[in-house]
Amino acid sequence: MGKVLPIPVHMLLALGGCIATLGCVAWVAPYEIPGILHSYLIFFIHLPNAVNYLLFFILGGIFSIVYLVKRDPKWDVYAQSCFVMALVGCTAAIATGSPWAKAAWGHWWIWNDPRLLTVAISWFFLASYHMLRWSVPEPDKRARYAAVFGIVATLNVPAVHFAIRVLGSQLHPMNVTKSPEVRITVRVGLLSFFLLYLLIVRLLVRSETASRQMEECRRIVYET
Amino acid sequence: MSTMPTQPRSAPATSNRGSEEPTPIGFLAAVVEVTRRDLRREWRSRETVPSMVLFALLVLFIFSLGAQPDFGGEVTGRFGPAVLWVTLFFAASIGVHQMFAAESRDGAFTGLLAAPIDRTAIYLGKIGSCYAFSGAMTGVALAMFYLFYEPPIAGLPFLLVLVACVLFDYIAVGALLSAMTFSLRGGEVLLRLLLFPLMIPVFILAVQATEPLMRTGALPPDPVVPVGGLVGLGALYLAAGTMLFEKVVEE
């Protein structure tokens, strides 16, 4: 990917995208939407985080499957980096959604909204994944166990979605994206945050690969 | 006079010694044998089921101190399902941990893996034994729950169906995670940190389906949805566990 999109170019694109998103929020999107008021503006940061965390969660699951099949450590590095960004994105989605909930519904957290609960449960899956990685000292075992848990957690996401549907009640506003200006801002935001997430994943992959190479060198030095 | 030394009578027979191959057993027979082994060990040691039962009673008692059951009234309907299922989940986690923690002594786990049986049979056999232990614990916990909360008895048959499905789902995932965590430092806590989030959809379905049983004893509006959902989840977890167990226990 380094030849197709060098990191410096990627950085510029991601930065440009974020500036474009903020610009659209400031000058393109309407100041308020009937029934939701201007607190909805955080939606343009909240939605890209929510969509991208789920995307990278699923990517992490896919890379975990590939690692178990091919046993090449680079797939474990990709999976780990995707799950790190998924956790960051999930936290950002909750952190941006909660103030919006307080402004719009009068409460920081609602217990019977399916999307809120899905995101919260996903956060626990992701936090547990990283707890498991921290707890296993042997690299090969760590990669295997993390891949197994990553696959089970990813398979569980649709199960969560199904189970929560029985709770009923849909408080999340569904009519936000009706106007063209809002749709343009959403699309710019989605693309920009995807570029940003992908950039951070690429940097994490580089960092983790270098870290593992150092660990391997240290092991060789101590054994000889 | 013979100078040849006579062979001592205690000399071992040379015909078959060391050349007998263990008779391979079928997959189903291996599953049954692993389950029987665990049941036999539990019968001798009695280390898992009593702990699970005592812990379930303790959790139930402490929750009930806070909830103050009102004998089939609003508290039973409103809090009863959550109290019941949280109690069962917490107590069953002891049995799930013990599934493989009991093998950690004296190289028993290595011996089990070295046995000439399919490793998936170990996974299924362990599910069988843990299901039996959790079933025994649930019987006692349910009886005490009915004594404390007095929900309508008409809801009991459907509740037993739910319990059977939920325990299977719980143990199918738990077996995989227990094999991962039993040998790690802090593995007991890590098992709960991994297992409980994965069990949230099962918990939601169970609590939602149990609420009408606690209030009036009537079945939920669409009883096929929770039961079908739990059976579907069980099939998903069993399939995932069957495929992934080998990857977890490989050396």
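Only a predicted model underlies this, so the values are computations on that prediction, with no experimental measurement involved. In the text below, chain A, chain B and the rest are named by the order of the sequence lines, each starting its count at 1.
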Discussion item. Does Leu155(A) form a side-chain contact (heavy atoms from CB on, under 4.5 Å) with Leu233(B)? I'd like the steps, not just the answer.
Written reply: CA-CA 10 Å; Leu155(A) 287 176; Leu233(B) 285 176; over 6 Å; no

Worksheet item: Charged N to carboxylate O below 4.0 Å: is that the case for Glu246(B) and Arg144(A)?
Response: no

Discussion item. Taking side chain as everything from C-beta outward and backbone as N, CA, C, O, which of these in Leu184(B) sits under 4.5 Å from a heavy atom of chain A? Side chain, backbone, both or neither.
Written reply: side chain

Practice prompt. Using the side-chain contact (heavy atoms from CB on, under 4.5 Å) rule, take Ile151(A) and Met243(B) through it: C-alpha gap first, then chi angles, then the decisive distance, then the call.
Written response: CA-CA 11 Å; Ile151(A) 292 166; Met243(B) 285 190 286; over 6 Å; no

Discussion item. Against Phe149(A), only a single residue in Val248(B), Leu177(B), Leu244(B) fulfils side-chain contact (heavy atoms from CB on, under 4.5 Å); can you say which?
Written reply: Leu177(B)

Item to complete: Go through Trp123(A), Tyr129(A), Phe125(A), Phe124(A) and name the one with the most non-hydrogen pairs under 4.5 angstrom from chain B.
Response: Phe125(A)

Worksheet entry | Under 4.5 Å from any heavy atom of chain A - which part of Leu194(B) | both

Discussion item. Can you tell me which portion of Ala209(B) sits under 4.5 Å from chain A's heavy atoms? Options are side chain, backbone, both or neither.
Written reply: neither

Discussion item. With chain A as the partner, which of Leu193(B), Val202(B), Leu198(B), Leu176(B) has the greatest number of non-hydrogen pairs under 4.5 Å?
Written reply: Leu198(B)

Discussion item. Which heavy atom of Asn156(A) sits nearest to which heavy atom of Pro197(B), and what is that distance?
Written reply: ND2-O, 4.5 Å

Practice prompt. Assess whether side-chain contact (heavy atoms from CB on, under 4.5 Å) is satisfied between Lys141(A) and Ser183(B), documenting all intermediate values.
Written response: CA-CA 12 Å; Lys141(A) 225 186 215 184; Ser183(B) 61; 4.0 Å; yes

Fill in: Heavy-atom contact with chain A under 4.5 Å, split by part of Ile200(B)
side chain

Fill in: Under 4.5 Å from a heavy atom of chain A, the part of Tyr237(B) involved
side chain

